[in-house]
Amino acid sequence: MAELKRFNNRMQAGAFLSQRLRVFFQHPNAIVLALPRGGVQVGFSIAKILEIPLDVMLVRKLGVPGHEEYAMGAIANGGLCVLQHEVLEALEIPTSVVENMAQRALLEIDRQEKLYRSIRTGIPLRGRIVILVDDGMATGSSMLIAAKTLRKEMPARIILATPVAPPDVCEKLREEVDEIICLNTPDPFYAVGLWYENFEQITDAEVMRLLEESEREHTQHYR
């Protein structure tokens, strides 16, 4: 089996994903919906190459205390929550800790929504082809809650696109979406960041810059 190569950065990963999404180039009904913050760089690259709109899906991972990159669950705006019960049981994480982290996550989602929506109003998703993007999946909690929340908006189709994820997580999510595109499915997986040469933290300012630039470029294409 050939050794899997790491991505240089999130932008490159998005460019590789766009090659698998070429059918949606300038598609009038397609939109990229990215999970902040890291997913926005991947989504920006896809949206730029395909010349389709970019927006954000506000979901927060509930990280294991002390190992925040590893999810014990995720929560979306409105309070819909998915928990990884096997993780909670294995690590003996108390319910009070989960509830506290969920409340903090909702406050952060509210803060992000006010900030990002100050420059980018939400795009209606009913009847649209939604390409749901993140920079990788470890447990799939964030994507699962994103897909469940997105279904309520009644899109025509949901395509989950991510650069890297464990094979079992991809299988688990197949029943939640219409299609999954994942470039690398390493086993063992370990962590998302290990599959990037550059996995720097993304700031709110960078998310806002990318949203503004994407909207400006998309508007120019369709003048």
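Along the sequence shown, residues carry numbers from 1.
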Salt bridge (Lys or Arg N to Asp or Glu O under 4.0 Å) partners of Arg209, counting only residues at least two apart: Glu206, Glu213
Distance-minimising heavy-atom pair for Val164 and Pro186: CG2-CD, 3.6 Å
In one Ile/Leu/Val/Met/Phe/Trp/Tyr side-chain cluster, 4.5 Å: Val32, Leu58: yes
Steps toward side chain to side chain contact (heavy atoms under 4.5 Å, CB included) verdict (Asp134, Val42): CA-CA 7 Å; Asp134 203 357; Val42 181; over 6 Å; no
Path from Leu83 to Leu144 over hydrophobic side-chain contacts below 4.5 Å: no
Min side-chain heavy-atom separation Asp204-Tyr116 under 4.5 Å: yes
Salt bridge flag under 4.0 Å for residues Asp168 and Lys172: no
CD (Glu86) with more than 12 external heavy atoms under 6.0 Å: yes
Closest non-hydrogen atom pair between Gly122 and Asp55, with its separation: CA-OD2, 3.6 Å
Side chain to side chain contact (heavy atoms under 4.5 Å, CB included) evaluation trace for Gln12 with Asn9: CA-CA 5 Å; Gln12 184 195 55; Asn9 51 44; 3.5 Å; yes
Donor-acceptor under 3.5 Å (Ser141 side chain, Ala71 main chain): no
Glu113: salt bridge (Lys or Arg N to Asp or Glu O under 4.0 Å) partners, not counting sequence neighbours: none
Intermediate values then yes/no, side chain to side chain contact (heavy atoms under 4.5 Å, CB included), Phe25 and Ile49: CA-CA 8 Å; Phe25 178 71; Ile49 293 169; 5.9 Å; no
Point-to-point distance, once rounded to the nearest 0.5 Å, from CG of Leu62 to CZ of Arg104: 10.0 Å
Criterion side chain to side chain contact (heavy atoms under 4.5 Å, CB included) on Ile181 and Ile159, from CA distance to verdict: CA-CA 7 Å; Ile181 297 174; Ile159 301 167; 4.1 Å; yes
CD on Glu179 to CG on Leu132, rounded to 0.5 Å: 13.0 Å
Distance in Å, Cys182 SG paired with Met137 CE, rounded so as to fall on 0.5 Å steps: 5.5 Å
Side-chain touch Glu99/Gln103, heavy atoms, less than 4.5 angstrom: no
Shared hydrophobic cluster, Val23 / Phe16 (ILVMFWY, side-chain heavy atoms < 4.5 Å): yes
Derivation of the salt bridge (charged side-chain N to carboxylate O under 4.0 Å, His left out) call for Asp110 and Arg60: CA-CA 11 Å; Asp110 185 60; Arg60 290 290 293 177; over 6 Å; no
Spatial distance of atom CG (Leu21) from atom NE2 (His27) [nearest 0.5 Å]: 12.0 Å
Rounded distance [0.5 Å steps], CZ in Phe189 versus CG in Asn184: 9.5 Å
Set of residues satisfying ring pair (Phe, Tyr, Trp, His ring centres under 6.0 Å) with respect to Phe7, sequence neighbours excluded: Tyr196
CD1-CG distance between Ile145 and Leu150, expressed to the nearest 0.5 angstrom: 12.0 Å
Lys/Arg-Asp/Glu bridge criterion (N-O < 4.0 Å) met for Asp135, Arg37: no
CA sep, side-chain torsions, deciding dist, call: Glu197, Arg6, salt bridge (charged side-chain N to carboxylate O under 4.0 Å, His left out): CA-CA 6 Å; Glu197 296 289 345; Arg6 296 198 295 174; 2.9 Å; yes
Single hit among Ile31, Leu17, Ile52 for side chain to side chain contact (heavy atoms under 4.5 Å, CB included) with Ile131: Ile52
Heavy-atom check, side chain of Arg10 versus side chain of Phe199, under 4.5 Å: yes
Heavy-atom side-chain proximity of Leu183 to Arg20 below 4.5 angstrom: yes
Side-chain heavy-atom pair Ser214, Leu211 within 4.5 angstrom cut-off: no
Side-chain donor/acceptor of Thr185 to backbone N/O of Pro167, under 3.5 Å: no
Shortest non-hydrogen contact from Ala105 toward Ile75: CB-CG2, 3.6 Å
Joint cluster assignment, Val56 & Ile46, ILVMFWY side-chain distance < 4.5 Å: yes
Contact summary for Leu50 and Ser18, nearest pair of heavy atoms: CD2-O, 3.9 Å
Single-linkage hydrophobic cluster Leu80~Ile109, side-chain heavy atoms < 4.5 angstrom: no
Student check: side-chain heavy atoms of Val40 and Ile202 closer than 4.5 Å: no
Heavy-atom pair with the smallest gap, counting every atom of Ile180 and Cys170: CD1-O, 3.1 Å
Side-chain ion pair, Glu153 and Arg128, N-O less than 4.0 Å: no
Side-chain donor/acceptor of Arg117 to backbone N/O of Lys114, under 3.5 Å: no
Salt-bridge present (Asp178, Arg151; N to O < 4.0 Å): yes
Side chains of Arg157 and Val130 in contact at under 4.5 Å (non-hydrogen atoms): no
For Ala47 against Leu54, the heavy-atom pair lying closest together: CB-CB, 3.9 Å
